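One structure is given here, and the rest of the page talks about it.
Worth saying up front: this structure is predicted, and the values here are computed from it rather than measured.
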Amino acid sequence: MKLIEQFENCTLPKVEWTHENHFVMALWYCVRYPLPEAISKIRNGIKRYNESVGGQNTDESGYHETITLFYINTIADYIITNGITTFSEAVLTDLLRQPFLHKEYISRFYSHEYLMSKEARKYWQAPDKS
């Protein structure tokens, strides 16, 4: 898949590193690898990609551990619930219709201040909303 190849080679144009493409990438890894390996590949890939386009992974910007793990967990649940075993156009089409792709989805589980904290960026934090 071109997106994954460009992501891994750090040749994906920054303008194409969209919210939706984060999900496509995560789904691709979660379908193809055991979850611990997918998490590692996603985490390291995002950090490497951010730096390749001139970004930094700091306490204030770049890679965000809590957001990444929250959505990986969401995607893993989606995969299990729907019995997905392969990455296909049909799976991709369905993924892009899911409500969890809406940017405000995570705010159902996290307050903005808590999610944007230095601790949440660096380390997994459980949701603070019930």
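Under a 3.5 Å cut-off, the side chain of D94 and the backbone N or O of A90 do not form any donor-acceptor pair. Under a 3.5 Å cut-off, the side chain of H102 and the backbone N or O of Y105 do not form any donor-acceptor pair. Looking only at distances, no side-chain donor or acceptor of N21 sits under 3.5 Å from a matching main-chain atom of W17. In this structure a side-chain-to-backbone donor-acceptor pair under 3.5 Å is missing from Y114 to P127. One N or O on the side chain of T58 and one on the backbone of E60 form a donor-acceptor pair closer than 3.5 Å. S52 places a side-chain N or O within donor-acceptor distance of the main-chain N or O of Y49, the cut-off being under 3.5 Å. Looking at T66, its side chain does come within 3.5 Å of a backbone N or O of Y123 through a donor-acceptor pair.
Put simply, the side chain of H64 reaches to within 4.5 Å of the side chain of L115, judged on heavy atoms. In this structure, the side chains of R48 and C10 come closer than 4.5 Å at one or more pairs of heavy atoms. Inter-residue side-chain proximity for F7 and I46 is flagged as met; some heavy-atom pair is nearer than 4.5 Å. Annotation: side chain of T93 is not in contact with side chain of S88 (no heavy-atom distance under 4.5 Å). Two residues are said to be in side-chain contact when any heavy atoms from C-beta on lie closer than 4.5 Å; Q125 and E119 meet this criterion. The closest side-chain heavy-atom distance from I4 to Y29 is below 4.5 Å. Residues V24 and F87 form a side-chain contact, since some pair of their non-hydrogen atoms from C-beta on lies under 4.5 Å apart.
Geometrically, K41 engages Y33 in a cation-pi contact, judged by NZ or CZ lying under 6.0 Å from the ring centre and within 45° of the ring axis.
Checked against the 6.0 Å centroid criterion, the rings of Y71 and F100 do not qualify as a close aromatic pair. You'll find the ring centres of F70 and W124 outside the 6.0 Å limit.
Scanning all heavy atoms of the two residues, the minimum distance from E16 to Q6 falls at OE1-OE1, 4.1 Å. Scanning all heavy atoms of the two residues, the minimum distance from L12 to V53 falls at O-CG1, 4.4 Å. Smallest separation of non-hydrogen atoms from I84 and T86: CG2-O, 3.4 Å. Residue I67 comes nearest to M116 through the heavy atom pair CD1-CE, 4.0 Å, listed as atom of the first residue, atom of the second, then distance.
A salt bridge is absent between D59 and R121: the closest approach of a Lys/Arg side-chain nitrogen to an acidic carboxylate oxygen does not fall below 4.0 angstrom.
Annotation for E8: atom CD counts as buried by contact number, over 12 foreign heavy atoms lying within 6.0 Å. Atom NZ of K129 has more than 12 heavy atoms from other residues, nucleotides or ligands within 6.0 Å.
Partner I75 forms a side-chain contact (heavy atoms from CB on, under 4.5 Å) with one of I72, I79, N73 and no other, that one being I79. Each of E51, K47, K122 was checked for a side-chain hydrogen bond (donor to acceptor under 3.5 Å, both in side chains) with N57, and the lone residue meeting it is E51.
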task = For the pair E20 and L96, evaluate side chain to side chain contact (heavy atoms under 4.5 Å, CB included) and give the outcome as yes or no after the intermediate values.
result = CA-CA 7 Å; E20 289 79 14; L96 295 174; 4.2 Å; yes
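I39 CD1 to T68 OG1: the interatomic distance, rounded to the nearest 0.5 Å, is 10.0 Å.
Residues passing the ring-ring contact (aromatic ring centres under 6.0 Å, His included) test with H19 are F23, sequence neighbours excluded.
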